[in-house]
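From a predicted model like this one, the values you see are computed outputs, not experimental measurements.
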Amino acid sequence: MIIPDTKDWTWVLERPCTGCGLDTAAVARQDVAAMVRANAASWADLLAGDAAPPRERPRPDVWSPLEYACHVRDVFSLFAIRLELMLTQDDPVFPNWDQDETAVAEDYGSQDPARVGVELAHRAEALARAFERVDGAGWARTGSRSDGASFTVESFARYLVHDVVHHLHDVTGVTSE
């Protein structure tokens with residue numbers, strides 16, 4: 001059984017992640033789109049490879065590579081929606097999203113890895129393009145989660161990059177340089 005992650009991960013905007021090694025402060029906003037695309041390509045390679053069965057959980061309380069990939073696919077969609085809200089509304093509060101509930105409801109573990117890889121790539125590309133369209137003033141627009149965590153588009157972008165890089169680390173063990 002997966003234990004829901006209730007940690008507040010916004011601290012990664014202030015200091016390097018001790019798990020995956022990513023220093024979000026070093027992420028330049030103009031690099032976010034390329035980083036999203038590179039992350040998606042890594043997931044596609046992982047889902048297409050034979051190194052580890054994508055459905056197999058390393059432990060009962062840890063998602064399988066396929067489940068992580070489904071989550072990252074959905075994160076790309078969620079962040080595209082939230083980015084659009086930030087760019088079109090004044091300081092929106094994002095609708096709640098329960099990632100663990102979604103994983104169960106969508107039965108992540110039984111989805112087709114090839115299809116997940118394609119969907120993940122498409123959603124990553126849409127999000128990357130959305131970030132490429134952000135202009136100078138747009139990076140300072142704001143939005144908040146219902147738990148009170150506030151972001152600018154720029155900090156939101158760095159938070160996103162950490163999320164998907166960290167999940168790739170969860171599966172591969174590879175740390176950021």
Side-chain angles (χ1 to χ4, degrees), residues 2-46 58-59 61-65 67-87 91-103 108 120 123-132 134 136 138-177:
I2 302 294
I3 298 168
D5 183 0
T6 57
K7 289 183 255 175
D8 178 3
W9 284 90
T10 56
W11 62 266
V12 300
L13 296 172
E14 300 166 7
R15 60 188 184 277
C17 180
T18 55
C20 71
L22 183 67
D23 181 2
T24 64
V27 173
R29 63 188 187 197
Q30 65 270 18
D31 295 337
V32 169
M35 292 177 81
V36 166
R37 288 183 179 108
N39 183 269
S42 294
W43 284 104
D45 291 346
L46 184 85
R59 295 189 327 254
D61 62 335
V62 175
W63 276 349
S64 70
E67 290 168 310
Y68 271 113
C70 289
H71 171 71
V72 169
R73 174 202 59 201
D74 291 350
V75 163
F76 286 145
S77 293
L78 177 72
F79 274 69
I81 291 165
R82 290 179 173 181
L83 176 60
E84 180 68 17
L85 288 172
M86 292 173 81
L87 295 172
D91 201 24
V93 175
F94 309 137
N96 286 330
W97 182 58
D98 185 325
Q99 63 188 18
D100 300 299
E101 182 180 293
T102 301
Y108 281 176
L120 190 151
R123 294 176 191 188
E125 182 59 28
L127 181 57
R129 288 182 182 183
F131 275 116
E132 287 173 334
V134 178
W139 290 102
R141 293 191 57 86
T142 59
S144 309
R145 290 190 315 219
S146 61
D147 67 358
S150 294
F151 300 91
T152 62
V153 169
E154 187 166 356
S155 66
F156 179 76
R158 291 187 287 116
Y159 184 77
L160 159 75
V161 168
H162 171 263
D163 191 57
V164 298
V165 165
H166 194 98
H167 288 319
L168 193 58
H169 163 74
D170 287 336
V171 171
T172 66
V174 176
T175 57
S176 296
E177 299 174 10

Can you check salt bridge (charged side-chain N to carboxylate O under 4.0 Å, His left out) on E132 and R37, steps first, answer last?
CA-CA 12 Å; E132 287 173 334; R37 288 183 179 108; 2.8 Å; yes
Just by distance, with hydrogens left out, do D170 and H167 show a side-chain donor and acceptor under 3.5 Å apart?
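Result is yes, a qualifying pair exists.
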Between T142 and T152, do the side chains contain an N or O donor and an N or O acceptor separated by less than 3.5 Å?
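Not at all, the side chains of T142 and T152 share no donor-acceptor pair under 3.5 Å.
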Which pair of non-hydrogen atoms, one from [X] and one from [Y], has the smallest distance, and what is that distance?
X	Y	answer
V174	H169	O-ND1, 3.1 Å
A33	A128	CB-O, 3.5 Å
V153	M86	N-CE, 3.5 Å
A69	L120	O-CD1, 3.3 Å
V62	P58	CG1-CG, 3.7 Å
F131	W139	O-CZ2, 3.8 Å

With salt bridge (charged side-chain N to carboxylate O under 4.0 Å, His left out) as the criterion, how do D91 and R141 come out once you've worked through the C-alpha distance, each side chain's angles and the decisive distance to 0.1 Å?
CA-CA 7 Å; D91 201 24; R141 293 191 57 86; over 6 Å; no
Derivation of the side chain to side chain contact (heavy atoms under 4.5 Å, CB included) call for D74 and W97:
CA-CA 10 Å; D74 291 350; W97 182 58; 4.0 Å; yes
Looking only at atom types and distance, does a side-chain atom of [X] sit under 3.5 Å from a main-chain N or O of [Y], one as donor and one as acceptor?
X	Y	answer
E67	S64	yes
S155	F151	no
R158	V27	no

Listed pairs under 3.5 Å, donor-acceptor, residues 9-22 side chains, sequence neighbours left out:
| residue | atom | partner | partner atom | Å |
| --- | --- | --- | --- | --- |
| W9 | NE1 | D5 | OD2 | 2.9 |
| T10 | OG1 | D8 | OD1 | 2.7 |
| T10 | OG1 | D8 | OD2 | 3.2 |

Would you please test F76 and D163 for side chain to side chain contact (heavy atoms under 4.5 Å, CB included) and show each step?
CA-CA 10 Å; F76 286 145; D163 191 57; over 6 Å; no
